[in-house]
Amino acid sequence: MNSFDNILKDHLNKAHLKQFNKIYYGREDHCEIKLKKSTKTESKNGNFEVAGYSFAAAKEELRKPNILRLGLIQHSIVLPTDEPIKDQRQAIFNKIGKIIKVAASEDVRILCLQETWTMPFFLCTGEKKKWEEFAEPASDGPSTIFLRELAKKYEMVIISPILERDENGKWWNTAVVIDEEGNYMGKHRKNHLPSVGSFSETSYYEPGNLGHPVFCTKYGKIAVNICYGRHQSLNWLMFALNGAQIVFNPAATIAEFGETFWGIEARAAAVANHYFTCSINRVGTEEFSVKKDKRVRTYYGSSYVTAPDGCRTPGLPKDKDGLLIVEVDLNLCRQIKDQWGFNMTARLDMYAEGIAKNNMKYC
Ligand SMILES: NC(=O)NCCC(=O)O
């Protein structure tokens with residue numbers, strides 16, 4: 001099944017599709033961006049889907065429009081998981097390098113990759129030794145070196161979620177932020193670690209210790225909420241309190257786990273926190289030999305973007321690499337807050353008091 005959106009297109013007539021889009025996506029028309037001919041050729045040659053949509057904001061008298069293009073890449077691994085680590089990683093670099101080039105040709109200014117994009121998601125195997133060499137330093141590891149060059153060449157801010165090995169040899173699930181001049185800007189570490197079914201990351205690394213950083217890039221204020229952190233609404237809130245205009249949610253999640261949540265959580269967060277959310281999930285099937293068993297996991301892609309007014313784009317396919325390009329006007333963030341009086345009616349002091357009174361416990 002390619003995507004939910006294609007099923008709808010195939011089965012609803014034009015009028016019904018419009019009605020459906022209005023309720024489900026928040027608007028009748030997806031506002032597709034016209035992509036270059038070369039983009040279509042490259043996507044066909046590289047066997048990845050490219051889709052482009054835009055979100056407009058109202059014209060203002062005093063502020064200029066603040067329009068930029070975001071890029072989200074979802075991808076499968078390239079080589080089987082028992083190939084040498086160096087080859088597996090290089091094959092992914094080669095594929096991603098080509099997709100980033102297409103994103104650059106479409107003027108993408110901020111781009112985000114999926115969770116631990118350089119490797120198969122071996123964190124479901126319970127094994128560590130075999131995979132150690134995928135862990136790398138955040139500021140000058142192989143993937144940061146690779147992306148710094150592309151960031152500089154294309155004047156693009158790049159968010160690179162990796163498996164970090166710190167100076168003491170400890171691992172972290174980390175997102176590195178590289179600025180448009182190719183400089184390492186900083187990093188965020190995943191705050192909430194799953195311990196559910198085969199997602200058991202607590203044996204690999206600890207919850208993040210860097211709070212909720214917002215990176216003031218040349219193009220906008222951005223933050224990263226890594227995968228499982230999307231189930232925690234206060235995690236989203238903290239990025240808003242620190243001033244984020246766009247929050248990326250790079251993920252690795254499978255259909256057996258909350259595919260029904262996927263379209264809801266980041267979308268609700270965009271409305272509740274008045275920023276854009278960008279949801280990126282890996283695709284493809286990954287097979288691991290664990291002792292005498294085979295472990296097989298299939299990721300469902302479906303990456304999408306939501307605007308602060310709750311309108312969302314269709315998703316990328318469930319089963320194919322893809323580049324989602326979304327043109328946004330960041331002025332929309334403040335416009336929505338003003339229109340709904342969200343800052344004026346917030347009761348943060350009341351919640352802070354209530355949380356403190358409950359001794360930080362859920363009942
Ligand atoms: N990577 C990760 O945190 N997966 C957990 C499953 C989920 O939250 O969908």
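Just so you know, ligand 1 is whichever comes first in the structure, and atom 1 is the first atom listed for that ligand. None of the values given here were measured: they were computed from a predicted structure.
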Legend entry - Protein residue, atom and distance nearest to atom 9 (O) of ligand 1, heavy-atom basis: Thr253 OG1, 2.5 Å

Inset, instruction - Assess whether atom CD of Glu149 is packed by more than 12 heavy atoms of other residues, nucleotides or ligands within 6.0 Å. - result: no

Inset, instruction - Determine, considering heavy atoms only, which of Glu259, His231, Glu115 sits nearest to atom 8 (O) of ligand 1. - result: His231

Legend entry - From Lys190, His192, Gln114 - option closest to atom 3 (O) of ligand 1 by heavy atom: Lys190

Legend entry - Close approach of Phe261 to ligand 1, heavy atoms, under 4.0 angstrom: no

Legend entry - Any pair counted as side-chain hydrogen bond (donor to acceptor under 3.5 Å, both in side chains), so long as it reaches residues 33-42, sequence neighbours left out: Thr39-Glu106

Legend entry - Atoms in ligand 1 flagged as close to Cys227, the criterion being non-hydrogen separation under 4.0 Å: 1 (N), 2 (C), 3 (O), 4 (N)

Inset, instruction - Start with the C-alpha distance between Ser279 and Ser303, add both sets of side-chain angles, then the distance that settles side-chain contact (heavy atoms from CB on, under 4.5 Å), and finish with yes or no. - result: CA-CA 5 Å; Ser279 311; Ser303 304; 5.8 Å; no

Legend entry - Contact list for residues 239-251, test side-chain hydrogen bond (donor to acceptor under 3.5 Å, both in side chains), sequence neighbours left out: none

Inset, instruction - Calculate, to the nearest 0.5 Å, the distance between atoms NZ and CD belonging to Lys22 and Glu28 respectively. - result: 6.5 Å

Legend entry - Under-4.0 Å heavy-atom contact with ligand 1, by part of Tyr228 that carries it: both

Inset, instruction - Would you check whether Ala252 reaches within less than 4.0 Å of ligand 1, judged by its heavy atoms? - result: yes

Inset, instruction - Under 4.0 Å from a heavy atom of Glu201: give me the atoms of ligand 1 that qualify, with their elements. - result: 1 (N), 2 (C), 3 (O)

Inset, instruction - Mind listing the closest non-hydrogen atom pair of Leu163 and Thr116 along with its distance? - result: N-CG2, 4.1 Å

